[in-house]
Amino acid sequence: MVPETVHHFIGGQQARSTYGKTFGAADPATGQDYARVAVGLAADVNNAVRAALIAFETGPWPSLPAPERAGALNAIADAIDARAADIASAEVLGTGLPLTQAAEQAARAAEQFRRAARLVPDRPVSDLPAAPGPAGYVVRRPAGVAGVITSWRTPFLAQAREVAPALAAGCTVVLSPDVWAPLPAALLAEITVKAGLPDGVLNVVHGTGDWRGNGDGARTDVPDALAAHPHVARLSPAAGTADSPGLVFADADLDRAADSVLFGALAVNGQRRTATSAVLAERPVYDALVSRLAAGARRIRVGAPSDPSTELGPLVHPEQLERVSSYVRLGVREGARLAAGGRRPAGLADGNYLEPTVLADVAPSMRVFGAQACGPVLRVTPFGTDEEAVSLANAVPRAAAAYLWTSDPERARRVAPAIESAATWVNADNADDLPEPPGGIDFYTRSRTVHLAVGDAPVPRLGA
């Protein structure tokens, strides 16, 4: 059930905005507000950090034995599984993600907590060496209060990816969710507390970026306040936008490659970091691949995210719809060919909808080549040689992933390592997105080296 007002969550309980104002959270499919959300200010961030600091310095969480902390994380995972339907509804309502795809998010988020539970740092007492002389060992301690800033792309999973390792390390957390998708964070806070997480260990402050509602010019910049706070020991900012090139060689299984590229580009409404936005096709199969992609894009079912038959829902916000639409218009003005889509779907007059779009004949000199739409748009560029393919792939800025389709194992072994991406898949799609949490548990710890002398270790002297 969606609350009438989504408040901050500080110190184990809901907290009203110190500003006393709320803003509307709108359903991407209808444009109608489904809830009011508390506006966050630096004062709210201060309150949340204070609660997290108290929980860190005086609460049980940082000093819990590893088995108990791991047990708590597993309990959160179980609670996420039990609330899978609610999580899916929150993702649908907040982001426009189709229900069938939103239903996957809970299981993947629960796995993040289970994985973190398996990696909870243990602190065994090292056996002292028997022989005299210097010895030492390294211990890891939680860093302190962790600030976590997440985007609107699959928000519940994105939050789990950072919150889980931070908690596993023994940190307490202040979470700043994106203003376009506030509901999943509120649900995560509720789930963790009911699963037994101590008060103040996870806190949520809404109100990302600038907000000028009610015409009074009030400013709220929660991420900046979190980043600048002197008691925030670690900061995990929202991942920026990035492209993921997909390279299709002439010897590839073209049907499988086209299906994979379309799925990679358009699943999750094209709004994931590893979306196959930039397609590079070898010239002998370029026209055939463009035809397959355009035909496949036209077959994709666009509609209400709550409809189980929907494969592509609305974009998260009207601003994002305009950003993606302007990207398509720019590509056409620069000379790209609109092979499919680019318009509002027929019969969907309301909501932030855009047809699955294929921009063909995109040259590297075009501005759209180096810019990600972060929506249901893929662009296609031809290449002639393996070297040109690698060069074009590495010209795609901030590649989060890369995909190669070829039947030549030697080419795969040669080309894959040459692409500057965080991860590369060969003849496979990335259905599970990036496999590891971006920060990891080590990021949320401090390492300390302890040196100790055993027996009569020699001591240097001056003035002997």
Side-chain angles (χ1 to χ4, degrees), residues 98 101 243-272 274-303 309-315 321 323-348 352-364 366-384 389 392-393 396 402-406 427 429-430:
Q101 297 171 33
D243 280 313
S244 294
L247 287 68
V248 180
F249 291 89
D251 60 358
D253 183 324
L254 213 55
D255 291 330
R256 285 172 52 81
D259 287 343
S260 177
V261 164
L262 277 172
F263 176 86
L266 302 177
V268 197
N269 295 349
Q271 298 176 154
R272 63 175 184 172
T274 54
T276 322
S277 305
V279 182
L280 309 173
E282 196 169 6
R283 284 193 173 86
V285 295
Y286 176 79
D287 290 337
L289 181 65
V290 170
S291 296
R292 282 170 169 80
L293 294 177
R298 296 187 193 101
R299 288 194 299 267
I300 290 173
R301 294 186 294 274
V302 184
S309 69
T310 291
E311 296 174 304
L312 182 72
L315 294 175
L321 173 62
R323 185 176 295 121
V324 177
S325 299
S326 64
Y327 173 94
V328 175
R329 293 193 296 269
L330 172 63
V332 172
R333 287 199 304 272
E334 290 184 322
R337 173 166 55 92
L338 191 61
R343 296 173 291 273
R344 173 179 287 276
L348 293 171
N352 311 320
Y353 289 97
L354 181 70
E355 291 175 333
T357 301
V358 177
L359 284 175
D361 306 340
V362 174
M366 296 178 181
R367 283 175 289 175
V368 292
F369 180 85
Q372 188 195 35
C374 202
V377 180
L378 60 88
R379 59 183 187 264
V380 194
T381 301
F383 68 83
L392 289 172
V396 174
Y403 308 87
L404 272 66
W405 285 88
T406 178
N427 296 331
D429 62 80
N430 173 20

> Is any side-chain heavy atom of Gln271 less than 4.5 Å from a side-chain heavy atom of Leu315?
yes
> Using the rule side-chain hydrogen bond (donor to acceptor under 3.5 Å, both in side chains), only one of Arg367, Arg379, Gln372 pairs with Tyr327; which is it?
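The passing option is Arg379.
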> Please name the pair of heavy atoms, one in Gly270 and one in Ala275, separated by the smallest distance, quoted to 0.1 Å.
O-CB, 4.2 Å
> Rounded to the nearest 0.5 Å, what separation is found between the CG atom of Leu312 and the OH atom of Tyr353?
9.0 Å
> Quick one: does any side-chain atom of Glu311 pair with a main-chain N or O of Arg301 as donor and acceptor, under 3.5 Å?
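Yes.
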> So do the side chains of Phe369 and Val396 get within less than 4.5 Å of each other, counting heavy atoms only?
yes
> First locate atom CD of Glu282, then atom CG of Leu247, and finally report the distance between them rounded to the nearest 0.5 Å.
10.0 Å
> Go through the steps for Leu338 and Val328 under the test side chain to side chain contact (heavy atoms under 4.5 Å, CB included), then give the verdict.
CA-CA 8 Å; Leu338 191 61; Val328 175; 4.0 Å; yes
> Would you say that Leu262 contacts Leu293 through its side chain, given a criterion of any heavy-atom pair below 4.5 Å between the two side chains?
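Sidechains of Leu293 and Leu262: in contact.
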> Evaluate the criterion side chain to side chain contact (heavy atoms under 4.5 Å, CB included) for residue pair Thr274 and Ser244; output intermediate values, then yes/no.
CA-CA 5 Å; Thr274 54; Ser244 294; 4.1 Å; yes
> Could you tell me whether a side-chain N or O of Asn269 sits under 3.5 Å from a main-chain N or O of Gly313, the two making a donor and an acceptor?
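A pair under 3.5 Å: yes.
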> CZ of Arg283 to CG of Leu289: how many Å apart, nearest 0.5 Å?
14.0 Å
> Which atom pair, heavy atoms only, marks the closest approach of Pro382 to Leu392?
O-CD1, 3.8 Å
> Run the side chain to side chain contact (heavy atoms under 4.5 Å, CB included) test on Val279 and Thr381 for me, step by step, so that the C-alpha distance in whole Å, both residues' side-chain angles and the decisive distance to 0.1 Å come before the verdict.
CA-CA 6 Å; Val279 182; Thr381 301; over 6 Å; no
> Where do Arg337 and Val290 land on the side chain to side chain contact (heavy atoms under 4.5 Å, CB included) test, with the steps shown first?
CA-CA 11 Å; Arg337 173 166 55 92; Val290 170; 4.0 Å; yes
> Return the minimal non-hydrogen interatomic distance between Phe249 and Thr406, and the atom names on each side.
CD1-CB, 4.0 Å
> If you compare all heavy atoms of Cys374 against all heavy atoms of Val324, which two are closest, and at what distance to 0.1 Å?
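Answer, listing the atom of Cys374 first, then Val324: O-CG2, 3.9 Å.
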> State, with a plain yes or no, whether a side-chain heavy atom of Arg292 is found less than 4.5 Å away from one of Val261.
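Answer no - side chains too far apart.
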> Atom CZ in Phe263, atom CG in Asp429: separation rounded to 0.5 Å?
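Rounded to the nearest 0.5 Å, the CZ-CG separation comes to 6.0 Å.
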> Given side chains that start at C-beta, do those of Trp405 and Ser260 come closer than 4.5 Å, heavy atoms only?
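Yes. Closest side-chain heavy atoms under 4.5 Å.
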> Going by heavy atoms in the side chains, are Leu348 and Pro345 under 4.5 Å from each other?
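A side-chain contact exists here, since the closest heavy-atom pair is under 4.5 Å.
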> For the residue pair Val380 and Leu359, establish whether any side-chain heavy-atom pair is separated by less than 4.5 Å.
no
> Of all the heavy-atom pairs spanning Thr276 and Ala265, show the shortest one and how long it is.
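That would be O-CB, 3.4 Å.
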> For a 4.5 angstrom cut-off between non-hydrogen side-chain atoms, does Asp361 reach Tyr286?
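Yes, their side chains come closer than 4.5 Å.
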> When you measure from the side chain of Thr357 to the backbone N and O of Val377, does any donor-acceptor pair fall under 3.5 Å?
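Not at all, since once roles are kept as given, no pair shorter than 3.5 Å links the two residues.
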> Specify the closest pair of heavy atoms between Leu266 and Pro356, including all atoms of both residues, with the distance to one decimal.
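Shortest heavy-atom separation between Leu266 and Pro356 comes out as CD1-CB, 3.8 Å.
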